[in-house]
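Proteins come first, then strands; the chains are lettered A, B, ... in the order of their sequence lines, and each starts at number 1. As a basis for the values below, the full set of heavy atoms in this structure was taken, side chains included, without hydrogen atoms, waters or symmetry mates.
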Amino acid sequence: MRMPRMSETYDVTQIQQRWLPVWDELAPFRSGDPNDPRPKKYVLDMFPYPSGDLHMGHAEAYALGDVVARYWVQQGFNVMHPIGWDAFGLPAENAAIRNGIDPMKWTYENIEQQKASMRRYACSFDWDRVLNTCDPEFYHWNQWFFIQMFKRGLAYRKASNVNWCPECQTVLANEQVVAGACERCDTVVTKKKLTQWYLRITDYADRLLNDMQQLEGYWPEKVLAMQRNWIGRSTGAQVSFQIEDYPEAVTVYTTRPDTLYGATFFVVAADSPLAEALAAGTSAEEDLYRYAEEVKKASDIDRLSTERKKSGVFLQRYAINPVNGERLPVWASDYVLADYGTGAVMAVPAHDQRDLDFAQAFNLPVRVVVESGEDPAETGIATADDGPHVNSGPLDGLNKDDAIAAMIDILSQTGHGDASVNYRLRDWLISRQRYWGTPIPIVHCPDCGEVAVPEEELPVRLPSAEGLDLSPKGASPLGAATEWASVPCPQCGADAVRDPDTMDTFVDSSWYYLRYLDPHKTDGPFDPDLAREWMPVDQYVGGVTHAILHLLYSRFFTKVAYDMGLVDFTEPFTRLLNQGMVVMDGSAMSKSRGNLVKLTDELAEHGVDAIRLAMVFAGPPEDDVDWADVSPAGAKKFLARAWRLAGDVASQPGVDFTTGDLPLRKATHRALHDTQVAVESYRFNVAIAKAMELVNATRKAVDSGCGPTDPAVREAVEATAIIISLITPYTAEDMWARLGHQPPVARAGWPQVDPQLLVADSVTCVIQVAGKVRERIEVSPDVTAEDLQDHVLHMPEVISALDGAAIGRVIVRPPKLVNIVPA
RNA sequence: GCGGGUGUGGCGGAAUUGGCAGACGCGCAGGAUUUAGGAUCCUGUGUCCUAUGGACGUGAGGGUUCAAGUCCCUCCACCCGCACCA
C-alpha cells in the first residue's frame with residue numbers, strides 16, 4: 001500500500017483553477033483562421049435565453065454537444081462550435097416591470113453571468129463568435145431580412161382574429177398556443193381581432209414538406225412526423241354552392257368530394273364574416289350575433305373539450321347542391337373553423353363524425369352514400385371506410401378513390417369545382433405589442449401606406465426604455481415613444497409614424513446560425529462565401545421543445561435565403577440530436593414541485609467533470625435523465641482512478657509503444673476504436689463504458705501485469721486522457737500534464753488505431769448441442785471451419801452431451817460458434 | 001381517434017449482419033488495508049432448483065430458424081406529439 005502523497009490526491013477544485021486560465025490563453029477552439037488547413041465542421045448548440053446561471057438542462061445539453069465538437073477536433077477538424085444569446089423576449093421585460101430595471105441592463109448582466117458560468121463549465125465554444133440577438137448589430141439584419149421579405153410579398157399585414165394572451169397582453173403565433181393556453185404563462189388564450197404582420201410561410205408549405213426527404217434518417221423520426229403533422233397537407237376538392245336569394249356562391253373545401261350526394265346540410269364558421277353576411281337581413285341575424293359573441297368569449301380549451309355538445313344557429317338560408325339541386329339548410333357553428341379551408345363545409349353526416357354529431361343534435365337527416373352495412377343514424381358512428389357508393393347517381397358502384405376522381409371530373413366539367421390542396425399550416429404571425437424586441441422597420445404614411453425603411457437607414461434602433469411604460473396594455477410601448485415614432489415618410493417626406501410593434505423572437509433564431517459565420521459583419525447579415533464553406537450545420541443539438549416552431553421557421557428562412565441566392569443549400573441542419581430532459585423522480589424539475597436540483601451546488605460538490613460525466617453516462621442522449629439515477633460520486637471515483645493512473649506511468653513521453661505489452665496494447669486500440677464508433681453513432685454512454693474498461697485493464701496491468709514501466713501503460717493512459725477529454729476536459733488536461741505533455745490535450749489528436757491490434761489472440765467459441773450452449777473453447781480467430789468442426793466433434797463433452805444421438809447437422813460459424821443438431 | 005416511440009436484473013443501461021443476454025456503472029453483500037472512512041483495493045451479485053450440476057429468463061401469446069432481445073403475426077402496458085383541420 002502506497003502512502004498517499006499530496007500530489008496523489010485528485011483535487012477537483014485545484015485542477016479546475018489550474019486549467020481554466022491556461023485555456024483562455026491557448027484558445028484551442030478558435031475556428032476563424034482563414035488559413036487553417038483543417039477540414040471544416042459546424043457543430044451547433046441551440047443558444048440559450050440569458051436566464052442567469054446555468055441549470056441542469058443546460059448542463060446536459062451543452063455536455064452532449066461538447067462531446068461531438070471535441071471529438072471532431074481530436075479527429076483533426078476545424079470545428080466551429082459557437083455560442084450566443086437569444087436575448088430578446090419577455091422575461092427581461094417582465095423583470096423590468098416588476099423591479100424597475102432597464103431590460104437592456106437586466107439582459108446584459110444575465111448574459112455576463114451565464115457566460116462566466118458557461119466558461120467554467122468548459123464547453124469548447126469559440127468565444128470569438130459570441131452574438132447577442134439584442135445587439136443592434138444583430139437585429140439590424142432581422143430588419144434587413146424583414147424588408148427583403150416585404151419586398152417579395154412574403155411579409156404582409158392583415159386583420160384577423162388572433163390568439164391573444166390576456167396576461168402577456170400580446171398576440172401569440174398558433175405555435176405558441178399550447179392546449180389553448182399561452183406557452184409562456186399558461187393563461188387561457190382568447191381571440192382578438194387585430195391587424196398584424198405575417199410572414200407567408202404557407203407559400204413554402206410544399207417545399208417544407210418535400211425537403212424533409214433530405215432529413216430522413218438524420219433527424220429524429222418524431223420531429224419529422226411532428227413537422228409533417230403541423231404542415232398538415234391534405235388533398236380534396238373545392239366545391240362551389242349557390243345560395244338561394246344570395247348573390248354570391250360559397251365555396252367549400254372537402255377531402256371527400258365523393259360523398260357530395262350525401263350532403264344534407266351546410267355549415268359556415270360562426271365567427272366568420274361569411275356567416276355575418278349570410279345572416280344579414282334574415283330573421284337569424286340577432287341569433288347569430290348572440291351566438292358569435294358567445295363563441296368568441298369561449299376559450300379554445302372549452303372549444304376543444306371532446307365532451308362538448310355541438311351548437312349552432314340556423315341562418316334561414318339554403319344552399320343548392322350542385323350535383324342534384326337539393327336544398328341544404330345553412331347553419332353557423334363553431335365546429336367549423338373560420339381560418340381553415342374556406343370557413344364553410346358541406347355536411348355529410350353519414351360519413352363524418354362531426355357532421356353526424358351536429359345532425360343528431362339538431363335532428364337533421366342522415367343519408368348513406370357509401371355502403372358499409374352499418375347505419376350511422378342508428379349507431380351514432382359515422383363511417384369513413386372504403387365501399388361501393390350508393391344513392392350517388394353516376395358514382396353508384398364505384399369505390400372511394402374512383403368516386404373521388406369521378407366527382408372531381410364532374411365538378412370541373414360543370415364548372416362547380418376542382419381538385420384542391422389544403423394545409424393546416426397558417427402564415428406566421430410575427431408582430432408583438434411589446435418593447436424588448438426588434439422594431440419592425442416599416443413607416444406608416446398617410447399617403448404612401450406601408451413603406452419600408454431604406455436599408456441604409458437600418459438598424460431602426462430601439463429607443464431607450466427610460467420613461468416608457470412597459471406594462472402590457474395591448475399596444476406596443478414604442479407607439480408612446482413619440483419622438484422615436486414620428487418620422488418623415490421615406491418616400492414622400494410627409495409626416496408619418498414608425499410601426500410600433502416588435503418582432504417575435506423566433507425571427508432571431510431563424511437565422512442566427514448564419515450570423516455566427518461572421519458575427520460582426522457590417523455590410524450584410526452574413527458572408528455568402530463563408531456560408532459556402534461552413535454551412536449547412538453538420539450537427540445541431542437541442543431540446544425537442546423546438547421540434548416544430550424554431551426548426552420549421554429556420555427551414556423556412558433558409559429556403560427564402562436560397563431563393564434570394566444567398567445560400568446554395570435548402571436545409572440548414574444536416575443532422576439533429578434532440579437530447580432528453582433532466583427530471584427528478586420522474587417529473588420535470590421545478591421550484592414549485594420542490595424537486596429542483598441546483599446545478600451550482602452539484603458543481604461545487606462534485607466538480608464540473610464529474611457532473612458532465614455522470615450526466616452523459618446516465619443513458620442514451622435522447623432519453624430523459626432522472627437525477628435520482630445520476631451518480632456524480634461514481635463518476636468522480638472513476639475520474640480519480642483514471643487520474644491516479646497518470647501518476648503511475650513510469651516511462652518517458654515519446655517512448656516507443658510498439659515494444660509494449662501486447663494484451664494491454666490491444667485493449668487500448670480496441671477502446672479507441674470502440675469509442676470512436678460509439679461517439680459517431682451518438683452512443684456516448686457506451687463510449688464512456690469503453691473508457692472505463694480501458695482504465696480497469698490498465699489498472700490491472702500496472703498492479704499485477706506488465707508493470708508501470710511498460711510503454712503500453714503510457715500508451716493506454718495517454719489514450720484514456722484523450723478519450724475522456726471529450727467529456728471531462730479538466731481531468732484529461734491534468735492527466736496530460738502529469739504524463740509530461742504540453743496543453744491542450746484537446747488538440748492532442750486522436751491516436752491512430754492499428755487494425756492489427758484489433759485482432760484478438762483467441763476467441764471464445766461457443767459449442768451448442770441442439771441450440772443449447774454446452775461448452776466453450778478458446779480458438780484462434782482464423783481457425784477454419786473444417787478444423788473447428790473436426791476438433792469439436794471429437795470433444796468428450798460433446799460426445800457425452802449428444803448422449804448417443806446421431807448427428808443430424810453441424811452448423812459451423814468460425815471462429816465464434818458451432819451448433820450440433822442431433823438427427 | 002391519428003401519428004411517433006418504449007418495454008431487458010434491485011436501479012440506469014449494454015448487446016454489427018439473427019450467433020455466449022445482462023458490457024459498463026449505481027446499489028447491495030463479503031473481505032483486505034486503515035486511528036478513521038462517504039478513501040483505496042479485491043471478490044461476489046438475473047431467477048429458481050434436488051446446487052463443482054441443471055432448469056428458466058429480454059411486456060404476453062404464437063410463428064419462422066440449427067439458432068430470436070434482434071425477423072414476422074396477434075395482443076397488453078406505458079410515454080410523447082397532434083387532435084372538431086371538413
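Comparing B:C56, B:A86, B:G13 by their nearest atom to the side chain of A:Asp623 picks out B:G13.
Taking the side-chain contact (heavy atoms from CB on, under 4.5 Å) definition, one finds that A:Asn229 meets it with nothing, sequence neighbours left out. For A:Val345, the side-chain contact (heavy atoms from CB on, under 4.5 Å) test picks out A:Val267, A:Val336, with sequence neighbours left out. Remark: A:Asn578 pairs with A:Pro220, A:Val223, A:Val544, A:Leu576 by the side-chain contact (heavy atoms from CB on, under 4.5 Å) rule, at least two apart or across chains. For A:Tyr253, there are no ring pair (Phe, Tyr, Trp, His ring centres under 6.0 Å) partners two or more places apart in sequence or in a different chain. For A:Ala640, the side-chain contact (heavy atoms from CB on, under 4.5 Å) partners at least two apart in sequence or on another chain are A:Tyr10, A:Arg644.
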Please tabulate, for the side chains in residues 812-823 of chain A, all donor-acceptor contacts under 3.5 angstrom to protein atoms that are two or more places apart in sequence or on a different chain.
{"from": "A:Asn819", "atom 1": "OD1", "to": "A:Gly771", "atom 2": "N", "distance (Å)": "3.1"}
{"from": "A:Asn819", "atom 1": "ND2", "to": "A:Gln768", "atom 2": "OE1", "distance (Å)": "3.4"}

Distance-only donor-acceptor pairs under 3.5 Å for side chains of residues 610-619 of chain A, two or more places apart:
{"from": "A:Arg612", "atom 1": "NE", "to": "A:Ile727", "atom 2": "O", "distance (Å)": "2.8"}
{"from": "A:Arg612", "atom 1": "NH1", "to": "A:Asp66", "atom 2": "OD2", "distance (Å)": "3.4"}
{"from": "A:Arg612", "atom 1": "NH1", "to": "A:Tyr121", "atom 2": "O", "distance (Å)": "2.7"}
{"from": "A:Arg612", "atom 1": "NH1", "to": "A:Ala122", "atom 2": "O", "distance (Å)": "3.2"}
{"from": "A:Arg612", "atom 1": "NH2", "to": "A:Asp66", "atom 2": "OD2", "distance (Å)": "2.6"}
{"from": "A:Arg612", "atom 1": "NH2", "to": "A:Ile727", "atom 2": "O", "distance (Å)": "3.4"}

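In this entry the distance linking CG of A:Leu356 with C1' of B:A86 reads 14 Å, nearest Å. Taking atom CZ of residue A:Arg683 and atom C1' of nucleotide B:A14, one finds them 9 Å apart after rounding to whole Å. If you take CG of A:Asp11 and P of B:A39, they are 17 Å apart, rounded to a whole angstrom. Look at CG on A:Asp339: it is 13 Å from P on B:A86, rounded to the nearest Å. Separating the CZ atom of A:Arg424 from the P atom of B:G3 is a distance of 15 Å, rounded to the nearest angstrom. Taking atom CG on A:Asp352 and atom P on B:G1, their separation rounds to 17 Å, with Å as the unit. The distance between atom CG of A:Asp648 and atom C1' of B:C41, rounded to the nearest whole Å, is 13 Å. As rounded to whole Å, 9 Å separates atom P of B:G4 from atom CZ of A:Arg228.
Annotation: of the two residues near RNA chain B, A:Gly232 and A:Lys700, the 5′-most nearest-nucleotide partner is A:Lys700.
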* Structure fact -> Letter by letter from the 5' end, nucleotides 45-53 of chain B scores (B base, S sugar-phosphate only, - none; protein heavy atoms under 4.0 Å) ---------
* Asked: What one-letter contact string describes nucleotides 19-26 of chain B from 5' to 3', where B marks a base within less than 4.0 Å of any protein heavy atom, S marks contact via sugar-phosphate atoms alone, and - marks no contact?
  -> BB--BBSS
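Residue A:Tyr340 has a polar side-chain atom (N or O) positioned under 4.0 Å from OP1 or OP2 of B:A86. Distances shown here put every side-chain N or O of A:Arg644 at or beyond 4.0 Å from the OP1 or OP2 atom of B:A39.
For B:G9, the base is syn relative to its sugar; the glycosidic angle is within 90° of 0.
In this structure a side-chain-to-backbone donor-acceptor pair under 3.5 Å is present from A:Thr259 to A:Arg256. Of the possible polar contacts, one joining the A:Ser333 side chain to the A:Ser311 backbone as a donor-acceptor pair under 3.5 Å is found. Looking at A:Asp355, its side chain does come within 3.5 Å of a backbone N or O of A:Val348 through a donor-acceptor pair. Listed for the A:Thr342 side chain is a donor-acceptor partner under 3.5 Å among the backbone atoms of A:Thr251. A donor-acceptor pair under 3.5 Å is formed between the side chain of A:His351 and the backbone N or O of A:Thr383.
The existence of a salt bridge linking A:Asp339 and A:Arg426 is confirmed by a sub-4.0 Å separation between a basic side-chain nitrogen and an acidic carboxylate oxygen. Between A:Arg233 and A:Asp206 a salt bridge is recorded (basic side-chain N to carboxylate O distance below 4.0 Å). A salt bridge between A:Asp648 and A:Arg699 is present, with a side-chain N of the basic residue lying under 4.0 Å from a carboxylate O of the acidic one.
With ring centers used as reference points, A:Phe266 lies 6.0 Å or more from A:Trp331.
Here the separation of B:G69 from B:A60, taken at their P atoms, is 12 Å to the nearest Å. Nucleotides B:A68 and B:A55, compared at atom P, are 15 Å apart to the nearest Å. With P as the reference atom, B:A39 and B:C76 are 49 Å apart, rounded to whole Å. Atom name C1', nucleotides B:C42 and B:U34: the rounded distance is 15 Å, in whole Å. Using atom P as the reference point in both B:U45 and B:G62, the two lie 32 Å apart (nearest Å). Nucleotides B:G4 and B:G9 are separated by 27 Å at their P atoms, to the nearest Å. Taking the P atoms as reference points, B:U50 lies 48 Å from B:G1, given to the whole Å. When the P atom is used for both B:C73 and B:G5, the distance is 15 Å, rounded to whole Å.
At the heavy-atom level, A:Pro620 lies under 4.0 Å from the strands shown only through sugar-phosphate atoms. Residue A:Arg233 is out of contact with every strand shown, counting any heavy-atom pair closer than 4.0 Å. Contact annotation for A:Glu605: base contact, defined as any heavy-atom pair under 4.0 Å involving a base atom. Nucleic acid contact class of A:Val821 (heavy atoms, under 4.0 Å, all strands): sugar-phosphate only. Contact annotation for A:Ser234: backbone-only contact, meaning every heavy-atom pair under 4.0 Å involves sugar-phosphate atoms and none involves a base.
Each of A:Phe358, A:Phe362, A:Tyr340 was scored for a ring-ring contact (aromatic ring centres under 6.0 Å, His included) with A:Tyr335, with one residue passing: A:Phe358. Screening A:Arg555, A:Arg228, A:Gln227 against A:Leu208 for a side chain to side chain contact (heavy atoms under 4.5 Å, CB included) leaves a single residue, A:Arg555.
Taking a pair as Watson-Crick or G-U wobble with both distances under 3.5 Å, the runs of three or more consecutive pairs in RNA chain B are B:1-7 with B:76-82, B:10-12 with B:24-26, B:27-32 with B:40-45, B:46-49 with B:53-56, B:59-63 with B:71-75.
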Heteroatom pairs (N/O) under 3.5 angstrom, protein to nucleotides 79-81 of chain B:
{"from": "B:C80", "atom 1": "O2'", "to": "A:Lys222", "atom 2": "NZ", "distance (Å)": "3.1"}

Pick out the pairs of N or O atoms, protein on one side and nucleotides 68-71 of chain B on the other, that lie under 3.5 Å.
none

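Contact between A:Gln353 and A:Gly380 at its shortest, heavy atoms only, is NE2-O, 3.0 Å.
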